[in-house]
J.: 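One structure is given below, represented as structure tokens, and several questions about it will come after.
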Amino acid sequence: MPLEVNKHVQRIRRYQPFDVDASEMVYERADQTDRTQSPYRVVTLDYLLRVIEQPTTKTIVLTGDAGHGKTSLCANLLAELTVGGDSIPPDVRKTVFNELLKAGDASRPLAQTRSGRPLYVLRDLSELNSQAGAQKLVELLDPPDEGVAIICANEGQLRQCVAEDDNRDSSGTGRANILVKTLTDGIARGQVSDPAGAVTVINLNYQSVATDSRNGGLVTWILRQWTTPQWSRWKPCETCDANEICPILANRNELHDATHGPQRRAAIRDLFAAAERTGAVVTTRQALTVTSYMLTGGLSCEDVHAKYQWSHSNRLWQAPHLYHQALFGDRLTQQQRNRVPAFLALRKLDPGKVSRRQVDDCLDPDTAGRFPPRDPRSYLQTARTTRDAQKQAEQLRGLYTFLRRADFFNSIDDNDRFARMGLQAGDDFVNVQNEKGDPADTTVRDRFLKGLEAVQGIHRAGSNPDFLVLDPAFFAQRARAAVISRRVSSKGVEVVDQVTQWQKEDLTGEIPGMRNAVEWLNRSIFIRIPAVAPGQSAVSVEVDLLRFELLTRWAAGLRSEVQHEAEIRGLSGSLAELADSSNKDDEIQVLVGNVMRKLMIDVGDKIRSVRA
């Protein structure tokens, strides 16, 4: 048999920006050069199709980090409007995309809505300077011929252009400010449209590549599409001489395996979802890059052929290129990983770095698979020098990292995945979003409050029915005694997810538009503490998964004021809103150590201390 080059592998590798044969990833569609399949259909596309048909809609802004697929969204929208259906021939997609590149300056309409309104598209606001961008934004607030305009812009450029329009000294109109106001309302209350319905701003930074919906999101879809045997994509590998030693084919087979493939793909999706919940924004482009690198192991067919020609039977070089190792980018340089921040987020959750007794005791180097790490039992040799001992320790650490990662994706038990990522509170974080949870279960709420007390330097034993807020003057420096500004009953405190928080802030109880406008995943939870004065809104403290993990560990007794000083300052700033500065009583509550005392001002300005 000859050595075969699989064109499907070549297509996949084009999504790696640090590779020499990478294509320019502007039009983010999985397998954009593959005519055998349709692109992944994001929820936002259907939302756009509905919004442009509303009579009040004039301007739509797609904002977010570069790589979210704003260009592809516009191209797919234009293609559907051109053809008038979901089944769009590849040549139509190519024609529409080329037209978008030529006339994406909103100078003329590129299509018509189904109701007959002209549709203008500004492909990238960043191509204009601030002054020209401000003028274009004002112009597209009222598109010609009662049309609809779609503007693609990253948030920084959008705010800069709006600020330019706000500058009355340079002939600014101030009209473009409605765009930033709608964007800000979307962050605060999840709304995507202004009250009149004329302006819609969709913040794609809320878009997830690993949604909690049934389809699992983009990452799950990519894995299914790239590993499927349909369309004869992997046929050349069957006749390739090097197929027995090829890690690319081994990755594909393990991820498509009928028995264990689904659980492995689910574990990859869970890892991406956890990364997003830690605060990382994983764009479509980054998801394609990481998945491409994971599946190919950073190799090409030619790389595998060279290894095969050097040795037909060597099975000790493949281990770093297996999917469960390549996913964390060990072989990439720091500069390459910085180009794809998703690698940095995933490495923080690396199960290979987490030691758990119940996991490590079951790992066996003899079951490392077809492609074990190099010299898996060399660490058992006798060490004669300090250098030998260090080398063996490094080999042992590398071996267990390999085994832990492989076992994480092979394990049929998905109940402890967060713990294996080093996140003991991950399950509680996700369960806050569970509508079927028991309202009487206050475990998460009490732990949350206890962690917030620990942020202020309060470490009380047991479970307490109240929450203490120190005077802000004592946040930065805790002496032996601190003045208590307010005591809050735990009964009125609640922990909610992002969608519920938006509903409570909006006071309407309706599902916020952002929930249905993007591929959704709840990434934050909030603790809502009753306000100090009647008529004021509750004070909400937002935490992502990493902050919640820190609060949980602080509640359990962890002391890490220096290592997490920035986090403590941020949380303390949120708690400062709860301080009661209107208290004019002659009693001052003081926490001395962990003992509550009252300081009472008596006649003659004498201060008496009593135990509270």
Side-chain angles (χ1 to χ4, degrees), residues 17 24-28 42 44 47-48 51 57-78 97 100-108 110 119-143 148-188 191-194 198-207 279-286 338-342 514 517-518:
E24 186 181 6
M25 291 181 295
V26 174
Y27 190 24
E28 292 88 13
V42 295
T44 310
Y47 190 84
L48 286 175
V51 170
T57 301
K58 291 184 178 181
T59 309
I60 301 171
V61 177
L62 300 177
T63 186
D65 294 348
H68 272 301
K70 297 184 285 291
T71 306
S72 65
L73 266 172
C74 293
N76 288 330
L77 177 66
L78 294 173
F97 180 61
L100 180 61
L101 292 178
K102 293 177 183 177
D105 57 355
S107 59
R108 59 180 175 86
L110 294 180
L119 182 66
Y120 300 83
V121 178
L122 181 60
R123 186 172 60 86
D124 190 357
L125 184 64
S126 298
E127 294 179 351
L128 305 175
N129 59 41
S130 299
Q131 187 173 5
Q135 294 174 354
K136 181 61 74 171
L137 290 180
V138 174
E139 175 188 326
L140 294 180
L141 287 174
D142 288 302
V148 179
I150 298 179
I151 303 168
C152 299
N154 66 60
E155 184 176 338
Q157 180 69 6
L158 178 65
R159 291 182 181 275
Q160 187 173 349
C161 291
V162 170
E164 181 70 24
D165 182 60
D166 275 344
N167 186 358
R168 302 303 171 92
D169 295 335
S170 60
S171 302
T173 66
R175 293 184 58 207
N177 190 56
I178 185 65
L179 301 177
V180 168
K181 185 179 185 306
T182 305
L183 173 64
T184 304
D185 288 344
I187 297 173
Q191 299 301 323
V192 295
S193 299
D194 72 317
V199 172
T200 296
V201 179
I202 302 176
N203 189 347
L204 293 177
N205 282 340
Y206 283 105
Q207 181 139 283
V281 176
V282 182
T283 66
T284 300
R285 185 181 301 171
Q286 291 179 32
N338 288 338
R339 294 184 65 180
V340 187
M514 192 70 71
V518 298

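Everything numeric here is computed off the predicted structure, so don't read it as measured data.
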J.: From C152 SG over to E127 CD, what is the distance, rounded to the nearest 0.5 angstrom?
T.: 10.0 Å
J.: Would you say that more than 12 heavy atoms from the other residues, nucleotides or ligands in this model lie under 6.0 Å from the NZ of K58, or not?
T.: no
J.: Give me the atom names and distance for the closest heavy-atom approach of R108 to A103.
T.: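 Minimum heavy-atom contact is NH2-CB, 3.4 Å.
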J.: Can you name the nearest heavy-atom pair linking V121 to C74, along with the distance?
T.: CG1-SG, 4.0 Å
J.: Under 3.5 Å, side chain of N205 to main-chain N/O of G64, donor-acceptor pair present?
T.: no
J.: Please evaluate residues V61 and L137 with respect to the criterion side-chain contact (heavy atoms from CB on, under 4.5 Å), reporting the C-alpha separation (whole Å), side-chain torsions for both, the decisive distance (0.1 Å), and the verdict.
T.: CA-CA 10 Å; V61 177; L137 290 180; 5.7 Å; no
J.: Any side-chain to backbone donor/acceptor pair from Q157 onto L128? Under 3.5 Å, distance only.
T.: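 Yes: the side chain of Q157 pairs with the backbone of L128.
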J.: In Å and rounded to the nearest 0.5 Å, what is the NZ to OG1 distance from K70 to T283?
T.: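 Output value for this atom pair is 9.0 Å.
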J.: Donor-acceptor pair, T57 side chain versus V51 backbone, under 3.5 Å?
T.: yes
J.: Look at the side chain of D185 and the backbone N and O of Q191, then say whether any donor-acceptor pair between them is shorter than 3.5 Å.
T.: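 Not at all, since once roles are kept as given, no pair shorter than 3.5 Å links the two residues.
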J.: In Å, rounded to the nearest 0.5 Å, how long is the span from NE2 of H68 to CG of N154?
T.: 10.5 Å
J.: Looking at D165 and R175, is any side-chain nitrogen of the basic one under 4.0 Å from a carboxylate oxygen of the acidic one?
T.: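 Between D165 and R175 there is no salt bridge, as every charged N stays at least 4.0 Å from the carboxylate O atoms.
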J.: Return each pair, listed once, that meets salt bridge (charged side-chain N to carboxylate O under 4.0 Å, His left out) where at least one residue sits in residues 148-159; pairs must be two or more places apart or across chains.
T.: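 For residues 148-159: E155-R159.
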J.: Using the side chain to side chain contact (heavy atoms under 4.5 Å, CB included) rule, pick out the option among D65, T63, L73, V42 that qualifies with L204.
T.: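 Of the listed options, the one satisfying the test is L73.
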J.: Does the D194 side chain pair with the main chain of A198, one donor and one acceptor, at a distance under 3.5 Å?
T.: yes
J.: Please lay out, stage by stage, how V518 and Y47 fare under the test side-chain contact (heavy atoms from CB on, under 4.5 Å).
T.: CA-CA 8 Å; V518 298; Y47 190 84; over 6 Å; no
J.: Taking all non-hydrogen atoms of both residues, which atom of C161 and which atom of A134 are closest, and how far apart?
T.: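 Nearest pair, atom of C161 first, then A134: O-CB, 3.3 Å.
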J.: If we only count heavy atoms from C-beta on, is the P341 to Q286 side-chain gap below 4.5 Å?
T.: yes
J.: Within this structure, what is the CG-CG distance for the pair D124 and L101, rounded to the nearest 0.5 Å?
T.: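 It comes to 11.0 Å.
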J.: Is it true that a side-chain atom of T44 and a backbone atom of A517 form a donor plus acceptor pair closer than 3.5 Å?
T.: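 Yes, because the side chain of T44 sits within donor-acceptor range (under 3.5 Å) of the backbone of A517.
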J.: For a side-chain contact (heavy atoms from CB on, under 4.5 Å) check, start with the C-alpha distance between L179 and L141, then their side-chain angles and the critical distance, and finish with the verdict.
T.: CA-CA 9 Å; L179 301 177; L141 287 174; 4.0 Å; yes
J.: To the nearest 0.5 Å, how far apart are CG in L110 and NZ in K102?
T.: 11.5 Å
J.: Look at the side chain of T59 and the backbone N and O of L140, then say whether any donor-acceptor pair between them is shorter than 3.5 Å.
T.: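 Yes; at least one donor-acceptor contact below 3.5 Å.
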J.: Got a second to check how far T184's OG1 is from N203's CG, nearest 0.5 Å?
T.: 10.0 Å
J.: Side chains of Y206 and I187: does their closest heavy-atom pair fall under 4.5 Å?
T.: yes
J.: Using every non-hydrogen atom in the two residues, find where Q131 and E164 come nearest and quote the distance to one decimal.
T.: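 That closest heavy-atom pairing would be CA-CG, 3.9 Å.
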